Protein chains: 2
Amino acid sequence: MARKTKAQSSPAVKAQLIEAQDRFIASWGRMGSVWGISRTMAEVHALLYITGKPMCTDEIMDRLSVSRGNVSMSVRSLLEWAVIEKVRLPGDRKEYFQAEQDVWSMLRAIARERIKREVDPLLDALDEIGELAPQIGSHSPEDVIELQHRLDDVREGFGLITTLAHKFAGPRGAGLHTAAKLLAKAPVGRSTKHTSKRSTRKGTGR
Amino acid sequence: MARKTKAQSSPAVKAQLIEAQDRFIASWGRMGSVWGISRTMAEVHALLYITGKPMCTDEIMDRLSVSRGNVSMSVRSLLEWAVIEKVRLPGDRKEYFQAEQDVWSMLRAIARERIKREVDPLLDALDEIGELAPQIGSHSPEDVIELQHRLDDVREGFGLITTLAHKFAGPRGAGLHTAAKLLAKAPVGRSTKHTSKRSTRKGTGR
DNA sequence: ATTAGATTTCAGAAAAATCTGAAAATAGAA
DNA sequence: TTCTATTTTCAGATTTTTCTGAAATCTAAT
């Protein structure tokens with residue numbers, strides 16, 4: 001094997017690397033539960049993202065200590081979310097998986113999927129309820145008018161959110177990054193909080 | 001009690017009203033689980049929002065068929081989220097609760113709380129991991145450089161999101177509605193999808 | 001200070017979500 | 001097609017979350 005100019009990691013550095021990856025995986029996994037996806041699904045995604053290399057089912061099982069079935073199901077969901085993709089290495093029968101490496105496109109995928117699961121069903125239900133409820137007529141009691149108004153208010157609020165989501169996070173959307181930049185520039189409010197505590201990136205500029 | 005000019009609901013209309021409310025409560029409750037809050041907590045909020053009237057613990061228990069303890073705990077969380085408030089009726093020893101009636105301020109509260117629970121802990125963890133991981137030096141192996149880059153990318157992405165959240169959804173923020181309007185106007189992308197299927201609001205204009 | 005109505009707490013029960021593992025199905029190589 | 005490495009499925013086990021209900025605590029009126 002031709003020894004390229006690549007620096008070799010000392011065992012100590014390698015251990016630290018693994019440790020850092022594991023911590024990232026654990027944090028992302030914890031988030032997973034908050035986001036309503038299973039811990040394992042989030043962990044598999046974290047593993048593939050943070051290592052950046054394509055991995056097969058067995059590697060994932062070993063690294064995360066989870067069952068084959070669990071990996072299979074998690075991987076399927078991640079593929080549906082379109083945050084990882086299948087890779088086939090020639091001369092190898094196994095399937096490998098690789099994570100989307102661009103953070104913004106990853107965030108977009110997450111946003112898209114969440115809107116789909118969280119907002120769309122609510123809007124559908126609201127439409128249905130609005131039809132089912134007593135309609136407003138010339139002599140409607142206050143109750144009925146208020147109900148319809150409240151339903152409409154919620155519908156309008158979430159409707160606007162969905163429109164924006166499609167516009168910026170949809171498959172053909174302008175991109176979350178664009179939206180974020182637009183908003184960041186917008187001349188409103190006073191707070192300019194949360195500057196990242198540290199930035200590790202040094203001379204290595206991209 | 002002086003019979004004002006208020007129209008009286010027929011029993012049939014009243015039943016439809018209750019039915020519509022119940023459906024709304026059920027939908028909102030279902031969302032609750034997706035949002036990582038308990039079904040009951042979401043249902044209590046939905047009940048208070050959709051009826052608009054202050055209710056006491058016993059009324060909530062009866063209407064939702066849940067235990068006293070459950071109502072107590074749900075109400076406490078909702079107060080923390082600041083989406084409902086306590087009301088005291090003079091000459092009544094019980095506490096009543098009433099929901100925020102403005103949808104945008106409600107959405108802001110939800111966004112604020114979610115960022116706090118979902119993004120902030122992740123950012124903290126990322127900072128910690130970045131420090132713990134091997135630092136980039138002049139002879140760092142590729143592995144280490146990539147790890148730090150990926151950590152920074154995630155940190156930047158979520159950092160921007162947090163900044164925006166503070167700006168628009170924070171306690172002194174410019175308001176989600178403002179943000180939404182800004183974005184809706186923004187001259188990007190092609191899709192103008194999702195026009196609400198129907199709008200129930202008729203001549204009754206606010 | 002007493003009392004009774006109202007609220008909170010929390011241990012254990014119930015329900016829901018997640019995970020395992022082995023059997024069944026699938027798919028590439030020969 | 002046959003063979004076999006690989007993947008998927010899903011019933012039951014495990015873990016986590018949520019809920020109940022009654023005892024403990026609180027609170028405001030007398």
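Here is how names work: the chains are called A, B, and so on, in the same order as the sequence lines, proteins then strands, and each is numbered from 1. Keep in mind the model is a prediction, meaning the values are calculated, not measured.
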Colleague: Closer than 4.0 angstrom, basic N to acidic O: yes or no for A:R150 and A:E146?
Modeller: yes
Colleague: Could you tell me the separation between the CE atom of B:M61 and the P atom of D:dT20, rounded to a whole number of Å?
Modeller: 9 Å
Colleague: Nearest to the side chain of B:S38, heavy atoms from C-beta on, is which of D:dT7, D:dT18, C:dT8?
Modeller: D:dT18
Colleague: Please state how far atom CG in A:D92 lies from atom P in D:dT7, giving the value in whole angstrom units.
Modeller: 9 Å
Colleague: Flag the pair B:D22 and B:R63 as a salt bridge only when some basic side-chain nitrogen lies within less than 4.0 angstrom of an acidic carboxylate oxygen.
Modeller: yes
Colleague: Measure the distance from CE on A:M73 to C1' on D:dT7 and round it to the nearest whole Å.
Modeller: 13 Å
Colleague: Is A:S33 touching bases, backbone alone, or none of the nucleic acid, heavy atoms closer than 4.0 Å?
Modeller: nothing
Colleague: Looking at B:T57, does any N or O in its side chain come under 4.0 Å of the phosphate oxygens OP1/OP2 on C:dA6?
Modeller: no
Colleague: Rounded to whole angstrom units, what separation is found between the CG atom of B:D58 and the P atom of C:dT7?
Modeller: 8 Å
Colleague: Check this for me: does any side-chain nitrogen of one of A:K14 and B:D143 sit under 4.0 Å from a carboxylate oxygen of the other?
Modeller: no
Colleague: Nearest whole Å is fine: how far is C:dT18 P from A:R30 CZ?
Modeller: 17 Å
Colleague: Please determine whether a side-chain nitrogen or oxygen atom of B:R76 lies at a distance below 4.0 Å from atom OP1 or OP2 of C:dT9.
Modeller: yes
Colleague: Tell me the interatomic distance from B:L64, atom CG, to D:dT20, atom P, rounded to whole angstroms.
Modeller: 10 Å
Colleague: Report yes if some heavy atom in the side chain of A:F24 is under 4.5 Å from a heavy atom in the side chain of B:L151; otherwise report no.
Modeller: yes
Colleague: Could you state the atom-to-atom distance from CG of A:N70 to C1' of D:dT7 in whole Å?
Modeller: 14 Å
Colleague: A:S72 side chain N/O closer than 4.0 Å to the phosphate oxygens (OP1, OP2) of D:dT9?
Modeller: no
Colleague: Check the orientation of A:F158 and B:W28. Use parallel for under 30°, tilted for 30 to 60°, and perpendicular for over 60°.
Modeller: perpendicular
Colleague: Quick check: on DNA chain D, is the nucleotide nearest B:G69 upstream (toward 5') of the one nearest A:Y96, or the reverse? Name the residue that is more 5'.
Modeller: A:Y96
Colleague: Mind calculating the distance between NZ (B:K94) and P (D:dC26) to the nearest angstrom?
Modeller: 21 Å
Colleague: May I ask you to evaluate whether B:R39 reaches the phosphate of D:dC19, defined as a side-chain N or O under 4.0 Å from OP1 or OP2?
Modeller: yes
Colleague: Mark yes or no for a side-chain to base donor-acceptor pair under 3.5 Å between A:R93 and D:dT4, with no hydrogen or angle criteria applied.
Modeller: yes
